[in-house]
There are 2 protein chains.
Amino acid sequence: MTQAFDLNMKKRPGQGRSRATVEAVLEATAQLLAETGYGALTTNHIAERAGVSIGSVYQYFPGKEAVVAQVVERVVDDVLADFSTGLLAGPTDNRRIAAVVYDAIDRRAALVRALTYEIPFLRDLPAIANLRGRLLLLASQIYMRTLAEKPFTHPHVASFILTAMVRSAVLDSILNPLPGMTREQAIDTLAEIIARIAGPG
Amino acid sequence: MTQAFDLNMKKRPGQGRSRATVEAVLEATAQLLAETGYGALTTNHIAERAGVSIGSVYQYFPGKEAVVAQVVERVVDDVLADFSTGLLAGPTDNRRIAAVVYDAIDRRAALVRALTYEIPFLRDLPAIANLRGRLLLLASQIYMRTLAEKPFTHPHVASFILTAMVRSAVLDSILNPLPGMTREQAIDTLAEIIARIAGPG
DNA sequence: ATTGTATATGAGCAATTATTCACATCTACT
DNA sequence: AGTAGATGTGAATAATTGCTCATATACAAT
């Protein structure tokens, strides 16, 4: 069940119009994924939404999956950028961390939903492995000291599961929220949970 | 984006062969989902694997989605049954809870993966709402006392997020594990995390 | 202007898929 | 045995979709 597609672009877009074409295709794909999901995504729809002919799509991408893979790559980059700027904007207390993660996902919730829950080859994409690795590293750095004081039996397993927990919990809270739950409540609670696991701060 | 399919069976299977036919269709669908995923699932494949004609499938199900919905319902029932028996089989300490949840998902990992990550209308199914409600209730009952001693600011939000966390973390640990991580390590760590959040016991 | 290259077009092909329906077969009951 | 209703069959259909390719247009360089 490993992905068996060619996900590389056929042609690096040279200089002029081609850049714009590729841009339009990626933007259209992101829009359609957010609006109608992966199941309804067709290459012809992508071309139509992008205001580009179907032939042009295949000039730069070997297939539908390759376009989606590029969109995933962009979203991952954007999310990681949001994390960086958000965490640099002030002291990294638990509440800020919860808020930054929450907002980064909330800002592009529809797209993230489609990518997370509907793309069968998602976990085979290098961008996703990259994302997971980065998050793991980030969490380790932030909580290194506090977790050294209250160590787990299997520290690296704990880092892994905790990262998965926060990521999944935030995702789930946004995509399938408890009715009536507000952003503030979610962030408060996430911060409190983190405090219990890793200590205050 | 609410599901717009008819998910009810056309005919309640009467008595004899029809029961077996429906059974074979559901079993074949579960097998195919586990083996090849939702994307490769076709009604003709279902019929073939079930050893039944395509016409028979449509005699009892209005469409592919309805078959999948029934499979989901069964898996949910099975998982909940595993929880019940597992938690009744001894004292409900943190480690047992972690182990029961872990094993219930691990036992049918491939099928759960396909259902969780590939079915776009999953969250619209009543069975899933039911599952979430039951889990929430279960968690509340188990941790009522301990969480009353160390209360959260928003108790019902906390129950919701904690349930989501455990569910997602277990799912993620099984479906996308840290290389080299064993079942024991995962369960140990989950138990320790639960203990930190909700107290020992 | 002219020539060569890069880019864009979109009708159409081949393959796949969900679904139907006219017909066969089985089972139960008299 | 005869009959009626339930159940099973699978070739055929209509729709969709990924993708190609022959052709057209834009651009750059001389």
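A, B, ... follow the sequence lines: proteins, then strands. Residue 1 opens every chain.
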> Counting just side-chain N and O atoms, does Tyr60(A) come under 4.0 Å of either OP1 or OP2 of dA8(C)?
Replying inline: yes
> So which nucleotide from dT20(D), dC27(D), dT19(C) ends up closest to the side chain of Arg17(A)?
Replying inline: dC27(D)
> At under 4.0 Å between heavy atoms, what does Val57(A) touch on the DNA or RNA strands: base, sugar-phosphate, or nothing?
Replying inline: nothing
>> In whole Å, I'd like the distance from the CD atom of Glu48(A) to the P atom of dT9(C).
In response: 13 Å
> Once you round it to whole Å, what is the distance between C1' of dA15(D) and NE2 of His45(A)?
Replying inline: 13 Å
> Touch check for Leu41(B), heavy atoms < 4.0 angstrom, all strands: base, sugar-phosphate only, or nothing?
Replying inline: sugar-phosphate
> Just how far, in rounded Å, is C1' of dT7(C) from CD of Glu23(A)?
Replying inline: 17 Å
>> Side chain of Thr43(A), heavy atoms from C-beta onward: which of dG8(D), dA18(C), dG18(D) has the nearest atom to it?
In response: dG18(D)
> Looking at dG18(D), dA18(C), dG8(D), which one has an atom nearest to any side-chain atom of Lys64(B)?
Replying inline: dA18(C)
> Does the distance from a Lys or Arg side-chain N to an Asp or Glu carboxylate O, for Arg74(B) and Glu27(B), drop under 4.0 Å?
Replying inline: no
> How many Å lie between CD on Gln59(A) and P on dA24(D), as a whole number?
Replying inline: 16 Å
> Can you check the Asn44(A) CG to dA15(D) P distance for me, whole Å?
Replying inline: 17 Å
> Do Arg107(B) and Asp78(B) sit within salt-bridge range, that is, some charged N less than 4.0 Å from a carboxylate O?
Replying inline: no
>> Surrounding CD of Glu184(B) (heavy atoms of other residues, nucleotides or ligands, distance under 6.0 Å), is the total greater than 12?
In response: yes
>> By nearest atom, which of the nucleotides dC19(D), dA8(C), dT9(D) is closest to the Ser56(A) side chain?
In response: dA8(C)
>> Just to be sure I understand the rule, does Thr42(B) reach a base, reach only the sugar-phosphate, or reach nothing, if contact means heavy atoms closer than 4.0 Å?
In response: sugar-phosphate
>> I want to check one thing: is the phosphate of dT20(C), taken as OP1 and OP2, less than 4.0 Å away from some side-chain N or O of Tyr58(B)?
In response: no
>> Measure CD1/Ile54(A) against C1'/dA8(C) and give the value in whole Å, please.
In response: 12 Å
> Taking Arg96(A) for the side chain and Gly86(A) for the main chain, is one N or O donor matched with an acceptor at less than 3.5 Å?
Replying inline: yes
> Would you find more than 12 non-hydrogen atoms of other residues, nucleotides or ligands less than 6.0 Å from Arg108(A) atom CZ?
Replying inline: yes
> How close or far is atom C1' of dT17(D) from atom CD of Glu65(A), stated in whole angstroms?
Replying inline: 12 Å
> Between Ser18(A) and dT7(C), does any side-chain N or O lie under 4.0 Å from OP1 or OP2?
Replying inline: yes
